[in-house]
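Chain identifiers are assigned alphabetically (A, B, ...) following the order of the sequence lines, protein sequences preceding nucleic acid strands; residue numbering begins at 1 within each chain.
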Amino acid sequence: MSTRDWILHVDLDQFIAAVELLRHPELRGKPVVVGGSGDPTQPRTVAATATYEAREHGIHSGMPLRTALRRCPDAVFLPTDPPAYEAASARVMATLREFPVRVEVWGWDEAFIGATTDDPEALAARLQQAVHARTRLTCSVGIGDNKHQAKLASGYAKPAGIHRLTSDTWAQTMNARPTDALWGIGARTARKLADLGYHTVAELAAADPAHLAAHFGPTNGPWYRYLALGKGEAEVVTTPWIARGHSRETTFQHDLTDPADIARHITDLARHVAQDAAEAGREIIRVSVKVRFTPFLTRTRQSKLPAPTTDPATITRAAHAILGRFDLNRPVRLLGVSVDYTMPDQPAEEVTPPD
DNA sequence: TCTGGGGTCCTAGGACCC
DNA sequence: TCTGGGGTCCTAGGACCC
């Protein structure tokens, strides 16, 4: 076998549930649901994850906790604990970085690995062993020529397995599958594609790019066909990601109707976001406000600031001005404030003239 | 099954300018 | 004035992902 470059996708199995079961070994084998503050009677709270035993009762992530409770009154409900997942994730990523590979972190429970080897399966097995030895967590590993293939391959590898999906095996594996099996095509786009006669990956791969562009735009349309052909990004970026923006939002258990109440929450959210930005050392160039009315109508308004700033008072004032542009006649179930950061490579304005 | 929170990127349309 | 055509910036919304 010859040495060449590979992309591996490491996906931790049932990450949040697995971390919780390590802390609560007595719950192993029981239906466990993690979400919100762990109180299944709270409205407007959904499951972050559910163990296999809970899934057998029809419970899945995204399901309202009250529904989960109805489906399985005996389930154990736990609150989410982001710092614990953060810590576990950091240990996994540090373990991966000990190998002679390039590591691109992709969220809490995933990473892409760029490696040069003649035996990617052997490398995958060593990664799995190291992660398990260090953290007691299991992971699935997909092997591909690019990120798209490796990502789908790790899905086939679950749980705790290794699977290879390359350009050589792409067509036989994927051609008969529905288009939403592709990474980047969801339910909405799959339905639109089906309406146009593209039901399978093979049909999408054979589509006319111009026809797709006419329906999905000049970038997205041709991109969908590209995905159906098994292509994708093959570059592993090891430099830390620079966030484009940041946001905070809250769904209220009981609707807000009092304007003063709404304004107070906007103040809190804006201050929070401004503080986060300050801690991250980032300047803000745009502020957005999100309002979700009952039953579930979401609207956003935004405005660009005259100049980048880190000043909390400026951010808060901007958020209130934007809030003033909403019609607040209906009850409000969610408020959010988000900001865009200035990016390092695009300084906001003027260049200092030379002396 | 009354539907979280935090992100990223793309598109369409209007304003404005030459 | 019955109006052209391109370029850029800004905003609102949609889709997708973890």
Check nucleotides 2-5 of chain B against the protein and report each pair of N or O atoms closer than 3.5 Å, with its distance, or say if there are none.
from  : atom 1 : to     : atom 2 : distance (Å)
B/dC2 : OP1    : A/T67  : OG1    : 3.1
B/dC2 : OP1    : A/R70  : NH2    : 3.3
B/dC2 : OP2    : A/R70  : NH1    : 3.4
B/dT3 : OP1    : A/R44  : N      : 3.3
B/dG4 : OP1    : A/R333 : NH2    : 2.7
B/dG5 : OP1    : A/T251 : N      : 3.0
B/dG5 : OP2    : A/T251 : N      : 3.2
B/dG5 : OP2    : A/T251 : OG1    : 2.4

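The aromatic rings of A/F216 and A/Y224 sit perpendicular to each other, their planes meeting at more than 60°, with 30° as the lower class boundary. The aromatic rings of A/W170 and A/H148 sit tilted, their planes meeting at an angle between 30° and 60°. Using cut-offs of 30° and 60° for the angle between ring planes, the A/F15 and A/W108 rings count as tilted.
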request  = Give DNA chain B the dot-bracket treatment, 5' to 3': Watson-Crick (N1-N3 with N6-O4 or O6-N4) or G-U (N1-O2, O6-N3) under 3.5 Å, [ ] crossing, | other strand.
outcome  = ....||||||||||||||
task = Take A/R126 and A/D119 through the salt bridge (Lys or Arg N to Asp or Glu O under 4.0 Å) test and state the conclusion after the steps.
result = CA-CA 11 Å; A/R126 288 202 303 277; A/D119 192 348; over 6 Å; no
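Rounded to whole angstrom, the span from the CD atom of A/E233 across to the P atom of B/dT8 amounts to 17 Å. For A/Y226 and B/dC9, the OH to P distance is 17 Å, given to the nearest whole Å.
DNA chain B is contacted by both A/R71 and A/G221; A/R71 maps to the nucleotide lying nearer its 5′ end (nearest heavy atom per residue).
Residue A/H246 places at least one side-chain N or O closer than 4.0 Å to OP1 or OP2 of B/dG7.
A/R330 places no side-chain N or O within 3.5 Å of a backbone atom of A/T294 that could act as its donor or acceptor partner. Side chain of A/T135 to backbone of A/V131: a donor-acceptor contact under 3.5 angstrom is found. A donor-acceptor pair under 3.5 Å is formed between the side chain of A/T316 and the backbone N or O of A/P312. In this structure a side-chain-to-backbone donor-acceptor pair under 3.5 Å is present from A/D13 to A/A160. Proximity of a side-chain donor or acceptor of A/T169 to a complementary backbone N or O of A/L165 within less than 3.5 Å is not detected.
Side chains of A/N175 and A/T200: a donor-acceptor N/O pair is absent below 3.5 angstrom, by distance only. For the residue pair A/Q149 and A/S167, a side-chain donor N or O sits within less than 3.5 Å of a side-chain acceptor on the partner.
The residue A/W223 sits apart from the nucleic acid: no heavy atom pair falls under 4.0 Å. Contact annotation for A/A68: no contact, since no heavy-atom pair falls under 4.0 Å across all strands.
Taking atom P on both B/dT3 and C/dC18, the two are 23 Å apart, rounded to the nearest angstrom.
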query = When you check every protein heavy atom under 4.0 Å of nucleotides 11-18 of chain C, what one-letter string (B, S, -) results, 5' to 3'?
reply = SBS-SSSS
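Side-chain proximity of A/H60 to the nucleotides B/dC10, B/dC9, B/dT1 is greatest for B/dT1.
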